[in-house]
Student: 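I have a structure here, written as structure tokens, and I will follow up with some questions on it.
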2 protein chains.
Amino acid sequence: MNTPPANDDGALAPQGTADDAPLAPTPAAPSDPVGLHRRVLDAVGEAICSGRYEAGRRLTLEELQREHGVSRTVARDTMRVLETMSLVTSGRRVGIVVQDPSRWNVYDPQLVHWRLASDRRDEQYASLTELRIAVEPVAAGGAARRASGTQRLELVRLAAELQRLGQGGDLEAFLAADIAFHRLILRSSGNEMFAALDGMVSEVLTSRTRQGLMPFHPRDEALEAHHRVAQAIADGDAARAESAMREVLHEVRAALHLNA
Amino acid sequence: MNTPPANDDGALAPQGTADDAPLAPTPAAPSDPVGLHRRVLDAVGEAICSGRYEAGRRLTLEELQREHGVSRTVARDTMRVLETMSLVTSGRRVGIVVQDPSRWNVYDPQLVHWRLASDRRDEQYASLTELRIAVEPVAAGGAARRASGTQRLELVRLAAELQRLGQGGDLEAFLAADIAFHRLILRSSGNEMFAALDGMVSEVLTSRTRQGLMPFHPRDEALEAHHRVAQAIADGDAARAESAMREVLHEVRAALHLNA
DNA sequence: CGCCTGTCAAAGATATCACCATTAGGTGAA
DNA sequence: TTCACCTAATGGTGATATCTTTGACAGGCG
């Protein structure tokens, strides 16, 4: 068909990030190529995630369109999307009510993006990391059972590249290979719910490296563990893949529980 | 806290299920108390999840409003919600394009609901079960570290009740207690991404019992494992809680891998 | 002489808008 | 305390603007 496989991400960053968008509402910008309602959606969603719109607060459509200088339909669309994420509920006569965070659809990539951009970044980061710890070993086991031949070969290749890059000092290249490794495992796991997490994992890994949170000792043990994961998957040994991946995540686990 | 286990739904079944809704479009039913666009949303969402609208298929707003006898705004709202779930993309001039399943937001509770109601129920069920296997042990560990005192007591109570009910023959009561147990662990884990899965876990457990897929031997080993999980959480022993929960899920794992 | 490419115009579908209908929460009086 | 009325805010409608695709046509190149 006409769906080029080149664009293979787009899960977490629907738009090219707010590169130029200031915090100002900029009420009059009708000639924007980016959809008009996306701007409002981002603004309101981020406001809710950051806590500026606390739970229980009541908004109204008219307030929204006045605030952002948009029409009723746009405000309505925004509200509908937010309602889908369970960030708000809309009732007649009561308006739009911001919901408690415990009700949010915290797996929505857009919501994750907003939360990672907000003050509560650390909380979101910790949750995602713990999710990684839970999912990735089982995903590795699934990959050992269900990955395709090409995927197995590519995993072994990536593990070798990781080992090579770990000895050098190129952080960026190492990060890219690391992300590719973990993403490929998730996508090869044969479980679409695991595969759907690949965007989040890459955000977490990127964030970890960028923040310098990662104690950048690509220690031999960790690299060796990566290699064993790939080898176990290639051999179709699910149990070994799972336990090796647990070892990979061991230092991550230690770092996380130190904070908590 | 003030989160009683009584309120145990609301996550997966936003509406009281389609109790009266037939499959017929019923184009003229303006006096329905249930929102009009919810009807269209359910119809289209289910059509996509079931595969009747295959990936790459192009719909149009006009087609939607003709098909369901609704106005443009309702069709648009539906499309926007579906776009939020990444079930479709909407582009100018191209219309609404059904996306490949690999792009879906498979963690959206509504989407899970549709998929569980479709023909591909088994696939969704397997994914959810594997997700349970991955998450619940780590969640139990988190609960051991971060649960409140009330939650720990309640868990021990529920484990005892499970053991009592397991000796009797009341499937329904046992199922209810089992659901409450697993949900409480997820909610006590201190990780909102784990807590958000509680609705899915209860759907899986319910489905498993209803389908008779569960080999209903509430074996002493399993019951004992439940008890050990609760005790470990009460003691704050994360490692023991995690490993005990793995034992609880062991038979689930075996049943799943037999199929796969 | 045939094929390829770049440009231009028309059409088709969403994006946006102003407007009416409906209903539910609040308020005041009996 | 209860009931009825009122108003505020969403639910829903149809029309218009705008943008993107797509098809054709003309010109150039092999």
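Letters A, B, ... are given to chains in the order of the sequence lines, protein chains preceding strands, and every chain is numbered from 1.
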Student: Given C:dT23, D:dA9, D:dT20, identify the nucleotide with an atom nearest to the side chain of B:R92.
Tutor: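 Ranking C:dT23, D:dA9, D:dT20 by closest atom to the B:R92 side chain puts D:dT20 first.
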Student: Please identify each residue that fulfils ring pair (Phe, Tyr, Trp, His ring centres under 6.0 Å) with A:Y53, with sequence neighbours left out.
Tutor: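 Partners of A:Y53 under the ring pair (Phe, Tyr, Trp, His ring centres under 6.0 Å) test: none.
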Student: Please give, in whole Å, the distance from D:dA8 C1' to A:L59 CG?
Tutor: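 Taking CG of A:L59 and C1' of D:dA8, I get 15 Å after rounding.
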Student: By a strict heavy-atom criterion of less than 4.0 Å, which residues belonging to residues 76-86 of chain B are in contact with DNA chain D?
Tutor: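 By residue number: none to list.
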Student: Under a 4.0 Å N-O cut-off, is there an ion pair linking B:R132 with B:E203?
Tutor: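 Salt bridge flag = no for B:E203 with B:R132.
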Student: Who passes side-chain hydrogen bond (donor to acceptor under 3.5 Å, both in side chains) against B:R157, sequence neighbours left out?
Tutor: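 Checked B:R157 against side-chain hydrogen bond (donor to acceptor under 3.5 Å, both in side chains); matches are B:E154, B:E161.
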Student: Run the side-chain hydrogen bond (donor to acceptor under 3.5 Å, both in side chains) test against A:R152 and tell me which residues pass, sequence neighbours left out.
Tutor: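 Here no residue qualifies.
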Student: Could you list the residues that satisfy ring pair (Phe, Tyr, Trp, His ring centres under 6.0 Å) with B:F181, not counting sequence neighbours?
Tutor: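 Scan of B:F181 (ring pair (Phe, Tyr, Trp, His ring centres under 6.0 Å), adjacent residues dropped) gives B:H226.
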Student: Determine whether the side chains of B:S127 and A:E192 contain a donor N or O and an acceptor N or O closer than 3.5 Å.
Tutor: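 Yes, side-chain donor-acceptor contact under 3.5 Å.
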Student: In whole angstrom, give the distance that lies between atom CG of B:L61 and atom P of D:dA15.
Tutor: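 Atom CG in B:L61 sits about 16 Å away from atom P in D:dA15.
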Student: Over how many whole Å does the gap from B:E62 atom CD to D:dT13 atom P extend?
Tutor: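 Whole-Å distance recorded here is 15 Å.
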Student: Between D:dG11, C:dA15, C:dG12, spot the one nearest the side chain of B:R93, thanks.
Tutor: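 So the side chain of B:R93 is nearest to C:dG12.
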Student: Listing request: all ring-ring contact (aromatic ring centres under 6.0 Å, His included) pairs with a residue in residues 74-103 of chain B, at least two apart in sequence or in separate chains.
Tutor: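 As it turns out, there is no ring-ring contact (aromatic ring centres under 6.0 Å, His included) pair with a partner in residues 74-103 of chain B once direct neighbours are skipped.
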Student: Quick one: list whatever passes salt bridge (Lys or Arg N to Asp or Glu O under 4.0 Å) with A:E54, sequence neighbours left out.
Tutor: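 Here no residue qualifies.
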Student: How close or far is atom P of C:dT16 from atom CG of A:L64, stated in whole angstroms?
Tutor: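 Rounded to whole Å, this separation is 15 Å.
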Student: So which nucleotide from D:dT22, C:dA15, C:dG25 ends up closest to the side chain of B:R58?
Tutor: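 From the listed options, D:dT22 comes nearest.
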Student: Could I get a table of every N or O pair under 3.5 Å where one atom is in the protein and the other is in nucleotides 17-20 of chain C?
Tutor:
| residue | atom | partner | partner atom | Å |
| --- | --- | --- | --- | --- |
| C:dC17 | OP2 | A:S71 | N | 3.0 |
| C:dC17 | OP2 | A:S71 | OG | 2.9 |
| C:dC17 | N4 | A:T73 | OG1 | 3.0 |

Student: For B:R66 and D:dG14, what is the distance between atoms CZ and P respectively, to the nearest whole Å?
Tutor: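 Computing the B:R66:CZ to D:dG14:P distance gives 15 Å.
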Student: Under the side-chain contact (heavy atoms from CB on, under 4.5 Å) rule, collect the residues that match up with B:R52, sequence neighbours excluded.
Tutor: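 So B:R52 forms a side-chain contact (heavy atoms from CB on, under 4.5 Å) with B:A47, B:S50.
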Student: Distance check needed: D:dG11 C1' versus A:I96 CD1, whole Å only.
Tutor: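 Distance check: A:I96 CD1 to D:dG11 C1' gives 13 Å.
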